[in-house]
Amino acid sequence: MPPALTTVQDLLHSGLATADDAPALAEVAQEFRIRISPQMRAAMEQGDGLAAQFVPTVAESTIRPEELADPIGDARFSPAPGLTHRYPDRVILAATQTCEVYCRFCFRRETVGAAGALPEADLVQALDHIRHHPAIREVILTGGDPLSLSPRRVAALLTRIAAIDHVEVVRFHTRVPMVAPERITDDLLAALDVRPAVYVVVHTNHPNELTEAAKLALRRLTRAGLPLLAQTVLLRGVNDDAAVLEALFRGLIAQRVKPYYLHHCDLAKGTSHFRTTIAKGQAIMAALRGRLSGLALPTYVLDIPGGAGKVPIGPGYLHPGDVPGRHLVTDWQGGVHPYDDPAR
């Protein structure tokens, strides 16, 4: 397998950038690393919705006033290095800062990209915090990409988490099955076969990510008994079209992956060229409701800047009527119907 593309020179040699752009892209790469896995390079064409996710552009140098270094407030809710404790019953543990690809819209782009796993001393602090807070039932492993760790490291981490009795669920958030499917090995599947229950949330944004190799990796995970969910980011020029998202969500359901969240693009620095308006996202979701069953529909969510958490922001179907207790309900075709719900 060829190596990953990690430099501007790699982009030039592969036809994903031009010599005229090289100086500006080199400056962009100093701020946020480049990495395009062989699987994604093979699947993309220059300028398509796949390439736009991973190939840097000079647009990343534009920083708008509303954009933030920590758009979802990880640092504000960090009781230990690598740990975010925003909700009472769950924590986020950044097991590594390394990824198999570096997405140009990443909301953790200020921290992601450093090599190696979370240092042992930091991991001890994080696990001690989890151990001393029995309300924590779920540990969400992220990073970076936790499945970029070796199976041996994954197994060792899960063994330590499993020793904390009140943890019931471990959730992996990962791009690996799509961008580096060769990493879904027998050794990794064996490492994931533990108590507590392990869920895998696959991050995927475009139907072209569903390569044959990715489908095989997803089948290996489901055959191992692992529940699969998917998260998608709404991205201008990538998937801000009902037909594109329909193809992605249908493709995921066919592989037994439940679309879970459609995220509005966060206010990370240098990402304004990826953001749509919320109104456009709501219109896309309304269109999808008429095209897809509920099984294939994710919840459209906004992560409130500063760390206040996620909220659903889908289109509204229910509005007050002209008399108390009456609602006006909009169906998937735009028809409006009265519904009486008087007080009892």
Side-chain angles (χ1 to χ4, degrees), residues 49 64-68 71-73 76-77 86-90 105 107 138 140 173 201-207 229-254 257-268 271-344:
R64 291 181 56 87
E66 68 271 15
E67 293 179 338
L68 304 167
I72 67 169
R76 178 183 170 194
F77 293 92
R86 184 176 290 112
Y87 298 99
D89 69 326
R90 55 202 182 273
F105 51 87
F107 66 92
E138 185 172 352
I140 301 165
H173 281 238
V201 181
V202 180
H203 290 213
T204 180
N205 301 312
H206 194 277
L229 305 171
Q231 290 197 160
T232 297
V233 182
L234 182 63
L235 300 167
R236 181 152 55 103
V238 174
N239 60 17
D240 58 333
D241 178 273
V244 173
L245 288 177
E246 178 186 0
L248 173 61
F249 298 151
R250 286 192 186 280
L252 289 169
I253 287 294
V257 183
K258 165 68 179 130
Y260 174 44
Y261 279 151
L262 175 66
H263 287 268
H264 192 73
C265 187
D266 292 306
L267 295 173
T271 61
S272 61
H273 56 294
F274 282 116
R275 272 191 301 280
T276 68
T277 62
I278 290 174
K280 181 165 186 179
Q282 291 173 327
I284 290 172
M285 286 300 298
L288 288 173
R289 180 160 291 279
R291 301 163 78 144
L292 294 169
S293 73
L295 184 64
L297 279 175
T299 301
Y300 182 35
V301 294
L302 174 72
D303 225 323
I304 302 171
K310 296 181 183 69
V311 290
I313 56 170
Y317 296 98
L318 196 67
H319 301 280
D322 54 354
V323 297
R326 174 167 293 172
H327 304 279
L328 299 177
V329 187
T330 304
D331 65 32
W332 65 275
Q333 293 178 305
V336 179
H337 311 270
Y339 181 86
D340 289 327
D341 181 32
R344 295 290 187 265

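Since this is a predicted model, take the numbers as computed values, not measurements.
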Worked verdict on H337 versus D331 for side-chain contact (heavy atoms from CB on, under 4.5 Å):
CA-CA 8 Å; H337 311 270; D331 65 32; 2.7 Å; yes

Separation of [Y] [atom2] from [X] [atom1] (nearest 0.5 Å):
X	Y	atom1	atom2	result
K258	I253	NZ	CD1	6.0 Å
Y261	Q231	OH	CD	7.5 Å
I304	D266	CD1	CG	11.5 Å
L235	D241	CG	CG	13.0 Å

Please walk me through it: do V202 and L229 pass side-chain contact (heavy atoms from CB on, under 4.5 Å)?
CA-CA 6 Å; V202 180; L229 305 171; over 6 Å; no

What's the verdict on side-chain hydrogen bond (donor to acceptor under 3.5 Å, both in side chains) for H319 and H327, showing C-alpha distance, side-chain angles and the deciding distance?
CA-CA 6 Å; H319 301 280; H327 304 279; over 6 Å; no

So, for [X] and [Y], which heavy atoms are closest and what is the spacing to 0.1 Å?
X	Y	value
R291	A242	NH1-CB, 3.6 Å
F105	T271	CA-CG2, 3.8 Å
T299	P312	CG2-CB, 3.8 Å
L234	L245	CD1-CD1, 4.2 Å
E67	A268	CD-O, 3.4 Å
L328	V336	CB-CG1, 3.9 Å

Taking side chain as C-beta onward, heavy atoms only, is [X] less than 4.5 Å from [Y]?
X	Y	value
P298	T232	no
T204	L252	yes
H264	V301	no
R289	L297	yes
E246	L292	yes

Ignoring hydrogens and angles, tell me if any N or O in the side chain of [X] forms a donor-acceptor pair with the backbone of [Y] under 3.5 Å.
X	Y	answer
N239	N205	yes
R86	I72	yes
R326	P320	no

Counting only heavy atoms not in Y339, do more than 12 fall under 6.0 Å of its OH?
no

From the options R275, H273, R236, select the one residue that forms a side-chain contact (heavy atoms from CB on, under 4.5 Å) with C265.
R275

Salt bridge check, K280 against D240: does any charged N sit closer than 4.0 Å to a carboxylate O?
yes

Run H263 and D303 through side-chain hydrogen bond (donor to acceptor under 3.5 Å, both in side chains) and show every step you take.
CA-CA 8 Å; H263 287 268; D303 225 323; 5.0 Å; no

Under the criterion side-chain contact (heavy atoms from CB on, under 4.5 Å), I'd like the reasoning laid out for E138 against Y87: C-alpha separation, chi angles, the key distance, then a yes or no.
CA-CA 10 Å; E138 185 172 352; Y87 298 99; over 6 Å; no

